[in-house]
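Structure record follows, encoded as structure tokens.
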Amino acid sequence: MEKPRVLYWFRTDLRLHDSPALKAALDLDPAVLWPIFTWDPHYVYRSKVGVNRWQYLLDCQNDLSDSIKKLNPKSKLFVVREAPQTVLLKLFWAWKVTHLVFERDTDTYARERDRVVVESARKAGVEVVTRYGRTLWDIDDVVAKHGGKPTMSITQLQAAGNKVGAIPKPIPSPKHLPDPGEMPVDFEHDRPDTERDLNAPLRSKTDKTYNSVAGPKGDFAIETLEELGFSAATTPHRGGETIALEKLAQIIADQEYTATFQKPKTNPTAFEPQATTLLSPLLHFGALSPRLFYWRVQEVVEKYGKNASHPPESLTGQLLFRDMYFAAQAAIGSPFPQALNNAHVRFIPWHLPSKVDDGTETGTNAISGEYHIDSPQAEKWFQRWKFGVTGFPFVDALMRQLRVEGWIHHLGRHMVACFLTRGGCYVHWERGADVFEELLIDHEVACNAGNWQWLSCTAFYSQYYRCYSPVAFGQKWDKNGDFIRKWVPELKDMDAKFIYEPWKASKSALDKAGVKIEGDGLGGGMEQGTSTYPGPMFDFGERRSACIAAMKTAYSIGLHGNDERVRNSTWKELFENAGETEMEAVHGSDDDGHGAPLEKGKNGGKHGRTKSDAVKEGPMDRHVKKLKAP
DNA sequence: GAAAACGTTGGCTGG
DNA sequence: CCCAGCCAACGTTTT
């Protein structure tokens, strides 16, 4: 009996430590083993990936490749430049593969992709071996123990997880790796359709990723940013398993930090160093095993004794939330990252709703990433949010940090997400999720979509009256505004009294700080090196009231994403009858938004106190932080 | 069945 | 400085 010839397919597990799938591959006692990564067009062209996340992925790939080379100088991470759905079958034949081994992935696209690959393996007589190690528990087991339903709270996740059993203990890294076999590529190369390249606007040069299966030098080298058509990354954060294990060791070494970590008490304005671990991008690419992280923390917690923090606030609690979102996504499937057709997501008539993609690429009316500009005002607010020129310094600081670093603190994400959706702009959470998808180095579909649903109060969370203030929330941690001074240098000399709301500063205070409050920030004033900073794009207190009232109306109507009336647009009548005019308070009827604009004062309706009433009364004014007179 | 408690992490005032 | 209590009030789970 000949020894197995194993193709090990790395995907979201770019590490050697604690890899159940890699262990299974080595347990086959292979004659040869090829560690490969397939360069998937779904990621390269059909997902938005900003330059910082590309850099982070390349870091992880290069570090893994170096580690493989240390175990066996003849081997490395071989990058195969073709869609796995087509290329793996060709490799099965050309390389005489007997076994394909990979770690399972419960993301919607990955499941479908893997189904195709497994089918092609069956045709080629290749045995497929899979294991799972991407989350604490096997997510399919969690869903099964939860009756096939999505886990919509942390208690549900914990209950289902406990039924699955103990979280597996980490597996050591392998001590050796077999040689790779021969790698002929004398087969036809399928190139992907690049006509619809979501990343085209982000590339400064044409991408050459797919010129040949084995890359420009024919050596299966890891691609470079330049090859992808990107200019240099701006993030200071670097990826890779080596860094992951070092960072974890540093965190664990601080036993008090590890054992008493309470997420709500960590400071979103802290920088150099930030208040949380920054392990999320490493978990995303699999450079760090969540189970290793869990058990290392757990050892410290147990040793620390009764003063340790507990889930959900603790460090391990953060990992539980990750499992919760993965399990929710696994149960809901393709509608998970969108509102449409999603029975678990509340319907709110947000501005800038997604266009529906009737194409067949993903089926089931998946959103296309494009959106309707139902309100020019909301579109402008969205653009100003996206580029960090809202005129609210704390929001702008966070959005600029996000663009440069690809990372902001979790509570900072809460702030800007609440502001864009239910607590300010009333823009669809899918727009915000799109921007985060492009800019975050730790972007995880399940966690991103789930958290946007949470913050917009459309799923997981419903206390929409708890609203983050762009002034008070940051001041809670950073009275002096150092975080703003770093990211919004126009305001670096501003008096601390006004740095969160510079529009309230007197002319002399502004002159002293060298600041001019002017324009909408979109005209490029910043690039000219002036200290012009835009005024606030709306009255926050007014918008907060209008949004809360509109949310109340939407909640009382009670539609969800799978409702027939959502799909056929008859929902509009319901909202018209209820007086849904969230924009009215701002600028009357120049918005062609949801339903016919109503005249002020005609929206009494059956829902009693409407947002117009609330705005006229102005009872929420006290929620806008008023500074004491100097 | 009704009421209370709970739910990852709000803001503000007054003591 | 910290904290309790209020605001106006959601859905779900527990009692």
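The figures that follow rest on heavy atoms only: side chains count, while hydrogens, waters and symmetry mates do not. We name chains A, B, ... by the order of the sequence lines, and we start the count at 1 in each one. Keep in mind that what you see is a predicted model, and the values were worked out from it rather than measured.
Atom-to-atom, CD of A:E313 to P of B:dG7 comes out at 10 Å; the value is rounded to the nearest Å. Distance, A:R413 CZ to B:dT9 P: 18 Å, rounded to whole Å. Following rounding to the nearest Å, A:I548 (CD1) and B:dG10 (P) show an atom-to-atom distance of 13 Å. In this structure, A:R466 places its CZ atom 12 Å from P of B:dG7, rounding to the nearest Å. In this entry the distance linking CE of A:M324 with C1' of B:dG7 reads 11 Å, nearest Å. One atom, CE of A:M152, and another, P of B:dC6, lie 22 Å apart when rounded to the nearest Å. Across the protein-nucleic acid pair, A:Y465 atom OH and C:dC7 atom P stand 13 Å apart, rounded to whole Å. Between the CG atom of A:L315 and the C1' atom of B:dT9 there is a distance of 15 Å, rounded to whole Å.
Comparing C:dA8 with B:dC6, their P atoms are spaced 23 Å from each other, to the whole Å. Comparing the C1' positions of C:dT14 and B:dG1 gives an interatomic distance of 13 Å, to the nearest angstrom. The gap from the P atom of B:dT8 to that of C:dC3 amounts to 22 Å, rounded to the nearest Å.
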Practice problem: Please test A:F419 against A:F392 for ring pair (Phe, Tyr, Trp, His ring centres under 6.0 Å), starting from the C-alpha separation and ending with a verdict. | Solution: CA-CA 10 Å; A:F419 185 85; A:F392 292 94; 5.3 Å; yes
Exercise. Test side-chain contact (heavy atoms from CB on, under 4.5 Å) on A:Y294 and A:L315 and set out the steps.
Key: CA-CA 8 Å; A:Y294 179 90; A:L315 268 185; over 6 Å; no
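A salt bridge between A:D105 and A:R134 is present, with a side-chain N of the basic residue lying under 4.0 Å from a carboxylate O of the acidic one. Between A:K486 and A:E272, at least one side-chain nitrogen of the basic residue sits less than 4.0 Å from a carboxylate oxygen of the acidic one, meeting the salt-bridge criterion. Ion pairing of A:D442 with A:R413 is present here, as a side-chain N (NZ or NE/NH1/NH2) and a carboxylate O approach within less than 4.0 Å.
Exactly one residue among A:V297, A:T277, A:T316 makes a side-chain contact (heavy atoms from CB on, under 4.5 Å) with A:T258. That residue is A:V297. Checked options A:D141, A:D140, A:D138; the residue passing with A:Y132 is A:D138 (criterion: side-chain contact (heavy atoms from CB on, under 4.5 Å)). Tested against A:Q383, the residues A:F387, A:W381, A:W385 include a single side-chain contact (heavy atoms from CB on, under 4.5 Å) partner, A:F387.
Of the residues in residues 453-461 of chain A, those lying under 4.0 Å from DNA chain B by heavy-atom distance are A:W454, A:Y461. Heavy-atom distances under 4.0 Å link DNA chain B to no residue of residues 290-307 of chain A.
A:K145 NZ: 12 or fewer foreign heavy atoms inside a 6.0 Å radius.
Counting any heavy atom pair closer than 4.0 Å across all strands shown, A:Y464 reaches sugar-phosphate atoms only and no base atom. Residue A:Q463 is classed as a base contact, given a heavy-atom separation below 4.0 Å to a base. Note on A:N267: nothing from the nucleic acid sits closer than 4.0 angstrom, heavy atoms only.
Between A:F394 and A:F483, the ring planes lie perpendicular to each other; the angle is over 60°, past the 30° to 60° tilted range. Ring-plane geometry between A:W454 and A:Y461 is classed as parallel, the angle between the planes falling under 30 degrees on a 0 to 90 degree scale with a further cut at 60. Between A:F336 and A:F460, the ring-plane angle classifies as perpendicular under the 30° and 60° cut-offs.
Of the listed nucleotides (C:dC10, B:dT9, B:dC12), B:dT9 has the atom at the smallest distance from the side chain of A:H414. Distances were taken from every side-chain heavy atom of A:Y325 (C-beta onward) to each of B:dT9, B:dG11, B:dT8; the shortest belongs to B:dT8. Closest contact between the side chain of A:K552 and the listed nucleotides B:dT9, C:dA9, B:dG10 involves C:dA9. The side chain of A:I154 lies closest to B:dT8, out of B:dT8, B:dG11, B:dT9.
An OP1 or OP2 oxygen of B:dG10 is reached within less than 4.0 angstrom by no side-chain nitrogen or oxygen of A:K476.
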Quiz item: Where each pair must be Watson-Crick or G-U wobble with both distances under 3.5 Å, what dot-bracket representation of DNA chain C is obtained, with crossing pairs in [ ] and other-strand partners as |?
Solution: .||||||..||||||
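With sequence neighbours left out, A:F382 forms a ring-ring contact (aromatic ring centres under 6.0 Å, His included) with A:Y371. Scanning for ring-ring contact (aromatic ring centres under 6.0 Å, His included) contacts around A:F326 gives an empty result, with sequence neighbours left out.
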Are there any protein N/O atoms within less than 3.5 Å of an N/O atom in nucleotides 11-15 of chain C, and if so, which ones and at what distance?
unit_1	atom_1	unit_2	atom_2	d
C:dG11	O4'	A:S462	OG	3.4
C:dT13	OP1	A:Q156	NE2	3.1

